Amino acid sequence: MIKLEKQGHIGILTVSRPEALNALNSEALTELAARAAEVRADEDIRVLIVTGEGKAFVAGADIAEMKDLDAEAGRAFGLKGQAALSAIEALPIPVIAAVNGFALGGGCELSLCADIRIASEKAKFGQPEVGLGITPGFGGTQRLPRVIGLSKAMELILTGRMIRADEALALGLVDRVTAPEELMAEAVKLAETIAANAPVAVRNSKAAVRRFTGAALQSDLETEAELFGACFATEDQKAAMGAFVSKAEKPGFTGR
């Protein structure tokens, strides 16, 4: 489900649930955290590339698993997702996201945990959670404003709209856009350039930058998890996620 391969000093981590557009369920989150621990323990890996199998990077968290959660279980699921993604972000080595397709919800949040993001021209990004009766719960409310600024992050989160790779580039959400067939080659080339530099200097540089961007992040994530969980006590969440899973027309929201 979460594959880890090595090419020289480069690790390639692939989310592999193509039948579910690589949606992150509890099992995938557990494996993601475990692969992060493997990377951390492997001193031969100097750069990690994260990507998805098939036409999605990660299309989000698994709605079929989430739809019947209550507030307490929702909060726990949010914390589990946050922990798995934070394990990627906290790696001492640079992380490159090679975003090959849909990066929605938890997928956009996973990409935000990378230090550098490269996107295929076919990639699409978004935080569509409000349309399902919940908030972003895997760090999106905290990392997206830190990357693209408060106002644009607020717009994307509150509208739930999906954006293409070219708009993501203009917003600073991604650093490069490539043709789909060139994505992994571009990511590997960049990883090799970084890996050729002094490993201690590279790790220390990342640590210094992350110290600035990560200020107060853990406390902010805990607040996000509380608010995320609270949404699972609403009628709107049950109705919207139930309709999504059953492919029925989504009912109008009532605010309850």
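In what follows, residues are counted from 1 in the order of the sequence shown. This one's a predicted model, so the numbers in the text were calculated from it and none came from an experiment.
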Review point. Under a 4.5 Å cut-off applied to non-hydrogen side-chain atoms, are Ile116 and Asp175 in contact?
Key: yes
Review point. Just wondering, are more than 12 heavy atoms of other shown residues or ligands nearer than 6.0 Å to CD in Glu181?
Key: yes
Check your understanding: Do Glu167 and Arg161 meet the salt-bridge criterion of a basic N to acidic O distance under 4.0 Å?
Key -> yes
Check your understanding: Counting N and O atoms only, with roles assigned by atom type, does the side chain of Glu53 sit under 3.5 Å from a partner on the main chain of Pro18, one being a donor and the other an acceptor?
Key -> no
Practice item. Kindly determine whether Val58 and Leu24 satisfy side-chain contact (heavy atoms from CB on, under 4.5 Å), including the steps that lead there. Key: CA-CA 7 Å; Val58 168; Leu24 297 173; 3.7 Å; yes
Review point. Are any side-chain N or O atoms of Asn100 and backbone N or O atoms of Ala56, one a donor and one an acceptor, separated by less than 3.5 Å?
Key: yes
**Study point:** Exercise: identify the closest heavy-atom pair between Asp220 and Gln142
**Key:** CB-OE1, 3.1 Å
**Study point:** Partner of Glu224 by side-chain hydrogen bond (donor to acceptor under 3.5 Å, both in side chains), out of Arg143, Gln82, Arg75
**Key:** Gln82
**Study point:** Salt bridge flag under 4.0 Å for residues Glu89 and Arg210
**Key:** yes
Point to revise | Heavy-atom pair of closest approach, residues Phe77 and Ala61 | key: CE2-CB, 4.1 Å
Check your understanding: Any link between Ile93 and Ile10 through a network of hydrophobic side chains (Ile, Leu, Val, Met, Phe, Trp, Tyr) touching at under 4.5 Å?
Key -> no
Practice item. With salt bridge (charged side-chain N to carboxylate O under 4.0 Å, His left out) as the test, would you mind laying out the steps for Asp236 and Arg256 before giving the verdict? Key: CA-CA 6 Å; Asp236 282 342; Arg256 296 194 297 272; over 6 Å; no
Point to revise | Exercise: identify the closest heavy-atom pair between Ala71 and Ala233 | key: CB-CB, 4.1 Å
Exercise for review: Assess whether side-chain contact (heavy atoms from CB on, under 4.5 Å) is satisfied between Arg146 and Leu217, documenting all intermediate values.
Suggested key: CA-CA 10 Å; Arg146 285 168 163 84; Leu217 179 60; 3.9 Å; yes
Check your understanding: Are Lys3 and Leu13 close enough that some pair of their side-chain heavy atoms sits under 4.5 Å apart?
Key -> no
Exercise for review: Assess whether atom NZ of Lys55 is packed by more than 12 heavy atoms of other residues, nucleotides or ligands within 6.0 Å.
Suggested key: no
Exercise for review: Check whether any side-chain heavy atom of Leu183 lies under 4.5 Å from a side-chain heavy atom of Ile118, and answer yes or no.
Suggested key: yes
Exercise for review: Could you tell me whether the side chain of His9 and the main chain of Ile45 form a donor-acceptor pair under 3.5 Å?
Suggested key: no
Exercise for review: Any chance you could measure Leu132, atom CG, to Lys238, atom NZ, to the nearest 0.5 Å?
Suggested key: 12.5 Å
Review point. Linking I/L/V/M/F/W/Y whenever their side-chain heavy atoms sit closer than 4.5 Å, directly or via other members, would Ile134 and Leu227 fall into one cluster?
Key: no
**Study point:** Separation of Glu121 CD from Glu182 CD (nearest 0.5 Å)
**Key:** 8.0 Å
**Study point:** Ile148 and Leu156, any side-chain heavy atoms less than 4.5 Å apart
**Key:** yes
Practice item. Kindly give the heavy-atom pair with the smallest separation between Ala165 and Ser120, and that separation in Å. Key: CB-O, 3.3 Å
Check your understanding: Does Arg46 reach the side chain of Ile194, with side-chain heavy atoms less than 4.5 Å apart?
Key -> no
Point to revise | Connected via hydrophobic side-chain network under 4.5 Å: Ile96 and Leu91 | key: no
Review point. To the nearest 0.5 Å, what is the distance between CD (Glu5) and OG1 (Thr14)?
Key: 5.5 Å
Practice item. Just do the side-chain contact (heavy atoms from CB on, under 4.5 Å) check on Ile2 and Thr30 with the steps written out, would you? Key: CA-CA 9 Å; Ile2 309 293; Thr30 297; over 6 Å; no
Review point. Is Phe253 atom CZ crowded by more than 12 heavy atoms from other residues, nucleotides or ligands, each under 6.0 Å away?
Key: yes
Practice item. Verify the neighbour count for atom NZ of Lys189: are there more than 12 heavy atoms of other residues, nucleotides or ligands below 6.0 Å? Key: no
Check your understanding: For Ala90, does its backbone N or O pair with a side-chain atom of Arg40 as donor and acceptor, under 3.5 Å?
Key -> yes
Review point. Under a 4.5 Å cut-off applied to non-hydrogen side-chain atoms, are Glu109 and Gln127 in contact?
Key: yes
Point to revise | From CE (Met162) to CZ (Phe125), nearest 0.5 Å | key: 11.5 Å
Practice item. Show your reasoning for whether side-chain contact (heavy atoms from CB on, under 4.5 Å) applies to Glu19 and Arg17. Key: CA-CA 5 Å; Glu19 73 286 352; Arg17 290 188 74 208; 3.9 Å; yes
Check your understanding: When rounded to the nearest 0.5 angstrom, what is the spacing between CD in Glu38 and CG in Leu48?
Key -> 11.0 Å
Point to revise | Gly242 versus Ser246, closest heavy-atom pair with distance | key: O-OG, 2.9 Å
Review point. Closest heavy-atom contact between Ala239 and Pro251?
Key: CB-CG, 3.6 Å
**Study point:** Cluster link Phe57 to Ile12, ILVMFWY, side chain under 4.5 Å
**Key:** no
Review point. So, the side chain of Lys250 versus the backbone of Gly131: is there a donor-acceptor pair under 3.5 Å, distance only?
Key: yes
Review point. If two hydrophobic side chains count as joined below 4.5 Å and joins carry through other members, does Val15 share a cluster with Leu112?
Key: yes
Exercise for review: Please tell me if the side chains of Leu32 and Leu85 come closer than 4.5 Å, counting only heavy atoms from C-beta onward.
Suggested key: yes
Exercise for review: State the CD-CG distance between Glu31 and Leu4, to the nearest 0.5 angstrom.
Suggested key: 11.5 Å
Exercise for review: Taking the side chain as every heavy atom from C-beta outward, state whether Val50 and Val95 have any atom pair closer than 4.5 Å.
Suggested key: yes
